[in-house]
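We name chains A, B, ... by the order of the sequence lines, and we start the count at 1 in each one. None of these values were measured; they are calculated from a predicted model. Below, each value reflects all heavy atoms present in this structure, side chains not excepted, and no hydrogens, waters or symmetry copies.
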There are 2 protein chains.
Amino acid sequence: MREVTLKQIAENLGISITTVSKALKNYSDVSKSTKERVKEEAKRLNYKPNVFAVNLRTKESKTVGLIIPEVVHHFFSSVVNGIIEQAEKKGYLVIILQSNESYKLEKKQIDLLIRKRVDGVMMSLANKSIDIAHLKELQSHDIPLVMFDKISKMVNCSKIIINDRKAAYEATKHLIDSGCKKIAHFRGALQPQNSIDRFLGYKKALEDHGLPYDSSLVYLCENVDYEDGRRAALQLLKDKKDVDGIFAITDMAATGAIAVFNEKGIKVPDDISIMGFSNWFLSQAITPSLSTVDQPGFEMGKKSFKLLYKEMKAKKKGVPFEPKTVVLDTYVIKRNSTK
Amino acid sequence: MREVTLKQIAENLGISITTVSKALKNYSDVSKSTKERVKEEAKRLNYKPNVFAVNLRTKESKTVGLIIPEVVHHFFSSVVNGIIEQAEKKGYLVIILQSNESYKLEKKQIDLLIRKRVDGVMMSLANKSIDIAHLKELQSHDIPLVMFDKISKMVNCSKIIINDRKAAYEATKHLIDSGCKKIAHFRGALQPQNSIDRFLGYKKALEDHGLPYDSSLVYLCENVDYEDGRRAALQLLKDKKDVDGIFAITDMAATGAIAVFNEKGIKVPDDISIMGFSNWFLSQAITPSLSTVDQPGFEMGKKSFKLLYKEMKAKKKGVPFEPKTVVLDTYVIKRNSTK
DNA sequence: CTGAAAGCGCTTACAG
DNA sequence: CTGAAAGCGCTTACAG
């Protein structure tokens with residue numbers, strides 16, 4: 001099937017390409033009757049504008065890029081969902097790339113998106129990204145950028161985040177309020193800001209409530225996953241620390257711990273209370289169901305695109321745009337892994 | 001920052017645009033020294049070809065579309081992962097769209113991808129899609145199509161599937177082999193082929209092993225999710241059917257059932273064995289861990305792109321391409337929810 | 001080995 | 001109200 005062009009419509013109707021183009025775009029300087037004839041013919045031929053040509057002329061692709069550390073991940077897939085739903089409403093398509101938490105790959109993906117001339121980029125930083133040269137490069141091409149969840153304070157762009165420290169504080173406080181006296185923390189890698197912030201929130205909550213902070217109760221979960229949670233829980237048992245509560249950095253790590261306790265016949269929450277973080281689907285499906293902190297992924301995705309859209313629109317109009325930082329609310333969800 | 005063009009390089013070097021273009025693409029009819037000069041200057045200026053112009057000339061976008069029912073879904077996100085990893089290797093970008101299991105939306109997404117002139121499309125059919133006019137439309141534009149998991153037999157295109165009937169047969173057989181005598185089935189909606197096939201596999205396994213098929217032991221889980229599994233399990237208990245095994249259409253439904261039994265003090269697998277389907281991450285994290293059938297999402301994504309790539313290449317060369325159907329292996333994974 | 005020229009299919013400033 | 005023309009930035013068949 002030969003693709004239909006403006007030229008073909010023009011020839012069929014015996015008018016110029018210019019007029020056809022303007023008629024289809026409802027320019028005011030085209031007569032009503034001509035518009036009707038053109039639109040009818042376009043419909044009849046099932047005309048679809050050649051986006052390649054439109055892109056070249058308008059210097060816009062109506063496409064945005066999204067870089068996330070991992071696709072197979074409840075939180076990020078929720079973000080993706082929020083983004084593509086919102087983008088669709090505004091007629092934008094979304095190209096998704098993965099960084100696999102690698103700095104090198106993230107750099108490569110940014111470069112791909114620059115080459116592709118996307119109209120904007122949304123991203124959550126890879127754990128191993130320290131340098132931000134690639135983001136500066138992106139911005140030097142005048143491509144609007146929005147960061148979410150894992151951000152860099154060094155980059156001047158819009159950001160959508162939660163208050164990790166506060167959220168972790170409240171999670172820990174929930175354990176304290178329910179009677180825990182000796183609370184361990186399964187923390188994430190040393191690098192990422194949100195791992196640091198959650199740790200600090202935990203520490204602060206202890207201090208504010210008269211519980212001594214003990215660094216030997218902090219276990220490292222490098223990958224914040226199920227296996228890490230299992231390992232940390234087994235180590236905790238070996239250490240015989242007599243802990244009565246755990247605040248885990250993610251639901252996955254918390255789930256690993258619960259699995260270990262279930263196997264060993266240790267009762268959750270009677271013997272030990274467990275608090276997760278994120279409110280992944282998982283947390284309501286395990287036994288006992290997991291108390292956690294809700295992290296609004298879908299909302300974060302939606303807001304990310306909305307902000308990006310605003311910036312793209314401002315850029316198009318040549319209006320200056322002031323980057324914004326939006327902090328989304330989180331809240332503790334009590335289930336059966338805490339008293 | 002003004003974008004660098006071939007013209008600029010040509011002017012800087014005092015040669016023609018043609019030669020610059022050819023030098024950068026390593027045409028054999030350009031002198032070595034010119035190539036070197038051009039490449040050096042391109043690098044110095046950080047030249048990036050304008051893809052919009054390249055697309056227009058080559059009529060290729062190096063972009064493919066992907067339509068899935070839901071992004072937030074372990075299986076589909078695994079497929080997405082396989083696809084974008086493979087696409088990246090070949091220099092393709094992936095646009096992801098969601099159908100939300102709706103026929104109308106699926107149609108719209110197909111239309112978007114046609115307009116966008118993607119080089120190819122991969123998709124898993126929405127549950128509510130019966131009509132295939134939109135897929136015919138896609139093919140009439142000569143855009144290669146690969147379907148995976150949920151396919152339509154009416155469309156002549158490459159397909160990547162599993163043998164649902166066989167997989168369900170083996171899952172049921174596993175229950176029988178472990179001693180179950182009265183096995184219920186939590187089935188999916190009546191429409192989708194894979195829901196039908198899994199039901200048929202269940203039925204066939206009973207018949208082949210001398211167990212009577214009893215339609216009152218088949219419970220409908222319209223959305224094949226956690227809530228459906230809970231509902232079905234509660235109904236099953238109410239019905240007092242004295243069942244000693246359940247084959248659930250998905251891990252989610254199985255997980256809902258396990259949660260109900262855990263709450264009611266019914267021992268899994270001692271009182272009742274449960275078999276899931278898909279091997280989502282979830283299934284190893286719950287207590288007891290869930291026996292299931294592994295459904296290779298990542299592999300399916302990889303293969304989907306590979307086949308699509310072959311077809312796109314054939315099309316470009318003008319070589320005829322014969323659609324293939326690939327059936328991926330599945331296997332039973334025994335965990336603690338069965339004896 | 002180099003380059004002038006046509007053309008991909010649009011959009012839009014401008015002339016009439 | 002209509003249309004000729006320029007131009008977006010490439011690629012490539014062709015001439016020299």
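Between Leu56(B) atom CG and dG7(D) atom C1' there is a gap of 12 Å when expressed in whole angstrom units. Rounding to whole angstrom units, CZ of residue Arg115(B) and C1' of dC10(C) are separated by 15 Å. Rounded to whole angstrom, the span from the CD atom of Glu11(A) across to the P atom of dG3(D) amounts to 13 Å. Rounded to a whole Å, the NZ atom of Lys35(A) is 10 Å from the P atom of dT2(D). Rounding to whole angstrom units, CG of residue Leu13(A) and P of dG3(D) are separated by 10 Å. Rounded to whole angstrom, the span from the CG atom of Asn50(A) across to the C1' atom of dC8(C) amounts to 8 Å. Rounded to a whole Å, the CD atom of Glu60(A) is 17 Å from the P atom of dC8(D). Whole-Å rounding puts the Lys59(B) NZ to dC10(C) C1' distance at 12 Å.
With Lys59(A) contributing its side chain and Arg117(A) its backbone, the two residues share no donor-acceptor pair below 3.5 Å.
For Ser124(A), the side chain to side chain contact (heavy atoms under 4.5 Å, CB included) partners two or more places apart in sequence, or in a different chain, are Pro69(A), Phe76(A), Phe148(A), Asp149(A), Lys150(A). When the side chain to side chain contact (heavy atoms under 4.5 Å, CB included) test is applied to Tyr47(B), the partners found at least two apart in sequence or on another chain are Val4(B), Leu6(B), Ile9(B), Leu24(B), Ala42(B), Pro49(B). Every residue two or more places apart in sequence or in another chain that forms a side chain to side chain contact (heavy atoms under 4.5 Å, CB included) with Ala126(A) is listed here: Ser99(A), Glu101(A), Glu106(A), Ser129(A). Under the salt bridge (charged side-chain N to carboxylate O under 4.0 Å, His left out) criterion, Arg57(A) pairs with no residue at all, not counting sequence neighbours.
The ring-ring contact (aromatic ring centres under 6.0 Å, His included) analysis of residues 101-120 of chain A, with sequence neighbours excluded, yields the pairs Tyr103(A)-His134(A). Sorted by first and then second residue, the side-chain hydrogen bond (donor to acceptor under 3.5 Å, both in side chains) pairs involving residues 309-324 of chain B (not counting sequence neighbours) are Glu60(B)-Lys316(B).
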Identify each donor-acceptor pair in which a side-chain atom of residues 83-93 of chain A lies under 3.5 Å from a protein atom, sequence neighbours left out, and give them as a table.
residue	atom	partner	partner atom	Å
Glu88(A)	OE1	Gln109(B)	NE2	3.0
Glu88(A)	OE2	Lys108(B)	NZ	3.0

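Looking at heavy-atom distances under 4.0 Å, Thr19(A) makes contact with a base. Residue Ser31(B) is classed as a sugar-phosphate contact, given heavy-atom separations below 4.0 Å to backbone atoms only.
In this model, a donor atom of one side chain and an acceptor atom of the other lie less than 3.5 Å apart for Asn26(B) and Lys39(B).
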Task: Protein proximity profile, nucleotides 11-16 of chain D - base contact B, sugar-phosphate-only contact S, no contact -, cut-off 4.0 Å on heavy atoms - done: BBBB--

Task: 5'-to-3' dot-bracket of DNA chain C (Watson-Crick, G-U; under 3.5 angstrom; crossing pairs as [ ]; | other strand) - done: |||.||||||||.|||

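Residues Ile15(B) and Arg117(B) each lie close to DNA chain C; by heavy-atom proximity, the contact nearer the 5' end of the strand is made by Ile15(B).
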